[in-house]
Undergrad: 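What follows is a single structure, and I will ask about it in a moment.
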Amino acid sequence: MEVNKGQTPEPGETPEGAAAEPAAEAPAAETPEAVAAAPKAAATESVPGRVPEPQPLAETPVPARISLGVQLEEARLTPVELEHPKALYRSVLPGILQVPADYVIAAARKSSLWPMTFGLACCAIEMIATYMSHHDLDRFGIVPWPSPRQCDVMIVAGTVTKKMAPAVKLLYQQMPNPKWVISMGACATNGGPYTRYDRVLQGVDKIVPVDVYVPGCPPRPEALMDGFIALQNKIMEERGHTG
Amino acid sequence: MSPEDRRREQDPPIVPPEPGTIADLFAAALPDLAITPNQGALDVILIVGRDDVPRLLEAAKTDPKLAFDFLRNLSGVDYEAEGIDVVYHLHSYTHGHDVTVKARLPVDDLHIKTASALWRGADWHEREARDMFGVIFDGHPNLVPLLLPDDMDDHFPLRKDNPLAPLEEWQGTALGANVSEAGYIPPGSGFEVEKVEATPEAAEATPDAVEATPEAAEVTPEAKE
Amino acid sequence: MAESQEPETALNQEFETIDLNINIGPQHPATHGVFRMVLTVDGEVVVDVTPHIGYMHRGAEKLSESLDYRQAIGFQDRTDYLGGFNCELCYVQAVEKLAGLEPPQRAEYIRVILAEFNRITSHFMFLGAFGTDLGVFGTAFTYAFREREYIQDLFEEVSGDRLMYAYFRPGGVAWDVPANFKERVRWLTKQARLGADDMDKLLTDNEIFIVRTRGVGVLSVEDAIDYGVTGPILRATGMDYDLRKQEPYSIYDRFDFDIPVGTNGDSYDRYLVRLEEVRQSLRIIEQAIEQMPDEGPILPERLPRALRPAAGEVYMRCENPRGEYGIYLVSRGGTRPYRLRIRGASFCNLSALRQMTIGHYIADAVTILGSTDIVLCEVDR
């Protein structure tokens with residue numbers, strides 16, 4: 001209420017400054033009469049058809065009852081801030097997190113992707129190598145899981161033949177929503193070196209929707225990691241759309 | 001296969017092996033059988049008629065001087081109109097010698113007696129040869145498709161008359177309508193770029209589209225905020 | 001009293017069971033790829049096994065017929081992707097036999113060293129996967145991949161790729177090895193020996209491992225020969241047969257090494273044979289790196305731009321990590337193979353699965369399948 005009064009420009013010009021006086025003293029007098037009187041006085045003294053001149057805002061008075069000693073004491077009792085290390089949330093998010101719920105959910109989803117251990121062909125070896133000691137996918141929160149029912153990522157690592165395609169489709173249908181598919185390697189993307197043979201499906205995207213294509217024959221472990229990071233970015237970008 | 005390649009192609013010449021090879025042992029074991037021995041790059045190849053194959057294989061397995069106890073490989077080779085070869089590669093652990101047996105089947109009668117009674121390992125080899133070439137092995141206990149789907153018995157991928165997909169099919173239709181700036185769009189995916197005829201109306205419509213672009217660019221940052 | 005006697009009679013009673021079909025695969029963590037088998041079980045005991053393969057049949061033989069002799073090398077890596085150098089070696093030797101090419105000495109040594117290293121990486125993969133199948137989850141794989149990655153770094157430095165090398169050529173190798181090749185190889189042999197020792201300590205005396213593998217999946221010598229089983233599975237039955245020794249190809253007759261054989265033909269012996277083969281391969285590499293000439297050509301001086309081997313046919317066989325790998329190559333004088341047949345070792349070894357599994361428990365089926373060490377791309381090709 002106090003702030004609103006101060007920021008509202010005065011509607012009419014007051015040569016004597018009489019109208020400014022009650023406005024500045026309004027915080028002290030909180031009676032309804034005083035509040036109601038100020039606009040009434042301005043309305044009566046304004047001249048119709050004349051543009052009122054702008055008036056400087058009234059300064060907020062310093063409360064006189066707080067003594068200097070109290071201020072000094074408050075300064076002495078200010079909690080010590082650790083200069084180093086300084087966590088980011090202390091300055092950016094002081095105490096309370098205010099972000100949209102879909103942002104939080106998407107961040108949780110992208111940080112704990114569980115791919116299905118589903119090796120088809122040669123690319124499976126590089127997929128295993130990515131999980132293992134030198135490359136270690138666990139640091140991205142990515143843990144392999146053998147059952148499709150608890151997984152949210154399917155890495156199609158290898159050639160999908162027409163005999164295998166119904167099984168791949170069934171595995172995808174068994175995964176719970178939301179789910180994503182990474183097509184790893186040339187064969188899963190478009191058939192790769194085997195694309196001209198009629199028993200080979202020319203890309204897994206003919207039967208399931210693919211989110212990330214990782215090129216290579218086979219892709220290096222770093223390329224698969226890059227694919228996972230691309231998938232994480234995609235999850236954040238599409239956070240409003242995925243169930 | 002280019003026409004030049006096809007013109008140069010020929011069957012390998014029959015080179016009789018030198019005396020003292022495995023062919024002499026076979027001639028001694030089966031004197032009344034018409035065997036054409038041929039010296040291959042590594043092994044001796046015995047070319048026999050289709051009806052003599054069971055006798056020859058049985059002798060190869062049971063004769064103590066031959067004793068071929070290991071069937072290395074069984075495969076087919078398609079010679080189109082001339083027929084289909086069935087090739088057996090045999091090895092003897094006992095004596096350490098090898099031999100190759102070949103028999104040609106006519107195209108209209110692709111039947112040969114099974115070898116799975118002699119070597120159990122021939123079971124899967126013969127099922128695969130049936131998948132790939134359509135050779136029927138008489139007497140095989142379970143001649144159902146192995147590598148192909150269970151219900152597919154009329155499609156023989158490795159025959160020469162079953163071609164690979166042409167190059168145009170997998171490289172995009174020769175830089176035609178389905179190749180946009182975004183790359184190759186497979187036909188039937190619902191994202192095909194429609195070919196716009198170069199009419200005057202279309203040419204007039206183009207500047208409008210260009211003018212509309214900056215506005216859209218201005219709107220986009222606000223929408224993001 | 002009658003109530004207390006009831007459980008005893010229930011325990012002693014023979015339950016009537018009916019045959020039940022259990023489907024495993026084609027997607028199953030224990031099948032090492034897209035392999036499907038239908039187990040018919042009576043109670044816990046497997047009475048019949050029907051393997052279903054062909055889920056990875058992608059026409060390497062057919063596609064090789066459409067490419068020329070050098071381009072078809074790429075499909076050899078993808079056939080047995082754990083032993084790519086060994087498959088390439090077999091293929092290029094088959095082409096050399098038909099074309100009458102003689103590789104230079106330095107190229108022969110480079111090929112043998114890389115092929116033996118590839119055998120080691122393949123066996124490390126088996127040790128990791130087999131340990132994982134039997135409950136040493138993660139640990140065995142992690143140890144196995146430590147050395148695998150070091151060796152793969154060498155492969156990448158030499159050939160340019162970690163898995164699909166396409167480095168051997170008919171007549172030699174594509175380009176020369178890096179300058180520090182010998183130092184790298186000497187260091188790697190020491191490191192790989194440490195890795196083999198670690199796997200030895202982890203698995204060989206492990207109580208759980210022994211109980212689950214000893215006496216499981218026994219295959220007799222006669223059955224193994226009848227089914228065409230080769231490689232470590234055949235040697236585990238006691239058969240002293242290795243193509244590197246019995247029919248020495250390339251320059252394997254110049255090295256002094258032993259062939260490990262088993263006694264029982266069970267899964268435990270197969271593991272022991274493979275572990276010992278790692279050490280024997282290291283022996284071959286150590287001798288080869290000493291004998292290898294420092295300088296010299298890596299390809300014959302006169303090499304045609306397009307290979308046109310004379311009309312003829314050859315069946316070249318090599319000892320791969322999984323057994324006998326065969327290339328049946330028919331040439332009719334063109335620039336492309338007229339027929340290329342790949343005899344996969346896994347294909348024949350897998351056909352003996354039924355013989356090995358019947359009579360065992362369901363849980364042992366996974367052990368037996370793991371001990372055969374199949375590569376499904378080589379089975380289906």
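Not measured: the values here are computed from a predicted model. Below, chain A is the first sequence line, B the second, and so on; all start at residue 1.
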Undergrad: Under 4.5 Å from any heavy atom of chain A, what part of C:L63 do you find: side chain, backbone, both or neither?
TA: side chain
Undergrad: Please report the shortest heavy-atom distance between C:S122 and C:R148, naming the atom on each side.
TA: N-NH1, 4.3 Å
Undergrad: Check whether C:Y81 gets within reach of chain A through its side chain, its backbone, both or neither, counting any heavy atom under 4.5 Å.
TA: side chain
Undergrad: Can you list the residues of residues 66-77 of chain C that sit under 4.5 Å from chain A, counting heavy atoms only?
TA: C:S66, C:F75
Undergrad: Please state whether the side chain, the backbone, both or neither of A:A167 comes within less than 4.5 Å of a heavy atom of chain C.
TA: side chain
Undergrad: Answer with yes or no after comparing the ring centroid distance for C:Y55 and C:F35 against a 6.0 Å cut-off, counting only values under it.
TA: no
Undergrad: Compare all side-chain heavy atoms of C:R212 with those of C:D133 and state whether any distance is below 4.5 angstrom.
TA: no
Undergrad: Check this for me: does any side-chain nitrogen of one of C:R58 and C:D380 sit under 4.0 Å from a carboxylate oxygen of the other?
TA: no
Undergrad: For chain A, find which of C:L163, C:L82, C:V375 contributes the most heavy-atom pairs closer than 4.5 angstrom.
TA: C:L163
Undergrad: Relative to chain C, which segment of A:L171 carries a heavy atom at a distance below 4.5 Å: side chain, backbone, both, or neither?
TA: side chain
Undergrad: Is the closest basic N to carboxylate O distance between A:R220 and A:E126 below 4.0 Å?
TA: no
Undergrad: Could you have a look at C:R78, C:M125, C:Q152 and say which one has the most heavy-atom pairs with chain A under 4.5 angstrom?
TA: C:R78
Undergrad: Would you mind reporting whether C:F145 and A:H134 have side-chain heavy atoms less than 4.5 Å apart?
TA: no
Undergrad: Regarding A:D152 and A:K179, does a basic nitrogen lie under 4.0 Å from an acidic carboxylate oxygen?
TA: no
Undergrad: List the steps and the verdict of side chain to side chain donor-acceptor pair (under 3.5 Å) for C:R36 and C:N23.
TA: CA-CA 7 Å; C:R36 175 175 163 226; C:N23 178 54; 2.8 Å; yes
Undergrad: Going by an N to O cut-off under 4.0 Å, is there a salt bridge joining C:R184 and C:D153?
TA: no
Undergrad: Can you tell which of A:C217, A:G119, A:A124 has the highest number of heavy-atom pairs within less than 4.5 Å of chain C?
TA: A:C217
Undergrad: Has A:K234 got more than 12 heavy atoms of other residues, nucleotides or ligands less than 6.0 Å from its NZ?
TA: yes
Undergrad: Which of the residues A:I125, A:V200, A:V160 is involved in the greatest number of heavy-atom pairs with chain C at under 4.5 angstrom?
TA: A:I125
